Amino acid sequence: MEEARIPENEQQRLAHLQNLHVLDTPVEERFERITRVLRRVLDVPIAAVSLIDDRRQWFKSIQGLESAETPRNISFCSHAILNDKTLVIPDTKLDPRFSNNPLVTGEPNVRFYAGHPLKIADNIRVGTLCVFGTKPRNLQPEDLQFLQDLALTTSNELKTSMLKTLFTQRG
Amino acid sequence: MIEAELPLNEKARLVSLRNLNILDTPLEERFERITRMVCRALNVPIAGISLVDEARQWFKSIQGITVSETPRNIAFCSHAILKDELMVIPDATEDVRFVDNPLVTGDPNIRFYAGQPLSLSADIRLGTLCAIDRKARVLTPEEFETLRDLARMAESELAAVALSEEQIKLIQELDRAQREARIDALTRLWNRKGIEGLLHREYDFAVRKGFPIALVMIDFDDFKKINDTHGHPVGDEVLRGGSHMLLTALRSYDAVGRWGGDEFMIVMPGCTKEETALALERIQLEASRNPVLTSQGPIQITLSMGAACVMPKNGDTVEKLIQETDDELLKAKRNGKGRVEIAA
């Protein structure tokens with residue numbers, strides 16, 4: 001198993017994430033709507049808005065799986081935040097980075113994954129919008145475009161909180 | 001062809017629209033994304049975000065055709081904004097309102113139309129998120145839901161304002177441990193401590209600003225019976241699914257919390273009695289139309305709701321508001337359950 005490296009600007013990245021004031025907050029319809037639509041349109045078992053914190057991956061929204069967080073070092077999303085592209089793994093068992101990842105060899109038996117990073121500023125990726133399931137799957141280009149579009153919409157929702165905060169702080 | 005009549009609140013509607021400062025603005029990717037998603041999700045060639053202005057329909061975003069506006073009197077969307085619900089025309093050539101509409105008999109040869117009105121406040125419908133095809137077809141229940149969800153995202157982009165100031169302030173002040181202590185593990189909504197704290201803050205804010213505030217208490221009817229019949233794990237699924245359903249009918253700055261057991265509280269800042277009544281009617285409708293899907297199949301739930309809406313002044317107390325709301329909930333239970341009672 002290969003652990004994702006830590007981004008060079010990790011301290012800055014974490015500061016931005018903290019400033020969003022979104023970690024450990026209750027379920028919100030504006031994010032539930034996103035994972036619901038994603039799951040339905042792409043016809044996948046699980047869809048999530050995941051945020052990569054210092055040591056954990058925390059789910060702001062997750063449909064199809066009962067889970068609030070997982071350790072960062074075994075998360076797929078920690079790889080996805082390393083650049084701006086969608087991370088697509090059609091079959092985890094064929095990928096040396098993940099084939100013996102505990103989330104693959106054990107619950108929830110992730111066999112395919114696709115995650116697009118949530119970017120809230122230049123070079124600042126706080127998490128992903130992702131889908132995964134227990135069978136290998138090849139997503140079509142239109143599906144990946146849809147995931148990307150929805151991920152950018154998600155980033156905007158996250159940024160909205162941040163902008164509102166800035167305005168309230170200025171009084 | 002039948003032209004749509006004007007909405008009753010047309011003057012107020014136009015003021016709202018102008019205040020958005022969005023008409024005749026350049027293309028924006030955040031709206032392009034949404035119409036693009038409609039095309040993919042509903043498998044249609046044409047999708048748009050249309051805003052209905054005084055004499056025209058103007059597209060903030062449009063996929064599949066290059067046109068930026070059409071006269072209002074031939075716009076399908078001018079009909080769609082007359083009601084709250086999604087308008088579906090499976091075949092325009094079979095609808096007396098549209099059969100000889102120039103957009104049907106000529107370019108772009110509309111046959112199928114589905115438009116979900118876009119609102120930023122109760123009863124003000126600015127335009128629609130619409131999907132159009134050149135062949136007749138129907139909309140599946142999933143597509144219906146998806147178009148509605150995407151329309152809410154479009155509204156979000158239009159408004160670009162989410163949580164209330166007080167919710168944001170509260171969240172900012174709490175560190176991770178304090179936040180965890182205020183969230184209900186089962187539903188991931190605020191727990192009693194969380195929602196009560198928020199209520200106090202929103203109440204004080206309302207006193208300071210002279211705004212109204214509405215409080216709602218909700219009880220799952222016969223919940224003990226659900227637990228006894230299906231078991232506690234399924235009972236939990238019902239609480240989770242049912243309480244999340246509340247979110248779909250509320251504004252993004254209303255707050256929902258689990259008061260305890262099968263009782264929930266909604267705090268609605270700046271909400272008038274009329275707006276509260278509308279929102280609660282929506283929830284009742286959602287509950288009756290959508291049984292909660294559980295591992296043991298769909299379970300129909302009904303909700304008893306009590307609400308009180310006040311314009312609090314110095315000297316009024318939160319405790320009194322909670323008591324009033326609770327009294328209304330009791331009334332709802334006594335008057336047959338599965339209903340809403342609002343303090344006069």
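All values reported here derive from a predicted model rather than from experimental measurement. Below, chains carry the letters A, B, ... as their sequence lines are ordered, and counting in each starts from 1.
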Heavy-atom pair with the smallest gap, counting every atom of A:Asn156 and B:Glu157: ND2-OE2, 3.1 Å
Distance in Å, B:Ser156 OG paired with A:Arg30 CZ, rounded so as to fall on 0.5 Å steps: 6.5 Å
Under 4.5 Å from any heavy atom of chain A - which part of B:Glu32: neither
Close approach to chain B in residues 38-52 of chain A, criterion heavy atom under 4.5 Å: A:Arg40, A:Val41, A:Leu42
Chain A-proximal positions within residues 38-45 of chain B [heavy-atom distance under 4.5 Å]: B:Arg40, B:Ala41
Rounded distance [0.5 Å steps], CD1 in B:Ile34 versus CG in A:Leu150: 9.5 Å
Chain B-proximal positions within residues 122-146 of chain A [heavy-atom distance under 4.5 Å]: A:Glu142, A:Asp143, A:Gln145, A:Phe146
Nearest atoms (heavy-atom pairs only) where B:Leu150 meets A:Val37: CD2-CG1, 4.4 Å
Engaged part of A:Gln18 at the chain B interface, taking heavy atoms whose separation is under 4.5 Å: neither
More than 12 heavy atoms of other groups within 6.0 Å of A:Arg55 CZ: no
Residue part contacting chain A, namely of B:Ile183, when any heavy atom lies under 4.5 Å: side chain
B:Ser243 portion near chain A, given a 4.5 angstrom heavy-atom threshold: neither
Straight-line distance of A:Glu29 CD to B:Asp254 CG, nearest 0.5 Å: 11.5 Å
Contacts with chain B made by residues 90-111 of chain A (heavy-atom distance under 4.5 Å), listed by residue number: none
Least distance between heavy atoms, A:Arg33 atom then B:Asp149 atom: CD-O, 3.3 Å
Step-by-step side-chain contact (heavy atoms from CB on, under 4.5 Å) determination, B:Arg240 to A:Glu66: CA-CA 11 Å; B:Arg240 200 164 34 229; A:Glu66 283 306 308; 3.6 Å; yes
Heavy-atom pairs under 4.5 Å with chain A, option from B:Arg36, B:Glu143, B:Arg182 with the top count: B:Arg36
Nearest heavy atoms of B:Met37 and A:Thr153, plus distance in Å: CE-OG1, 3.6 Å
Max heavy-atom pair count under 4.5 Å with chain A, selected residue of B:Val256, B:Asn191, B:Asp184, B:Thr146: B:Thr146
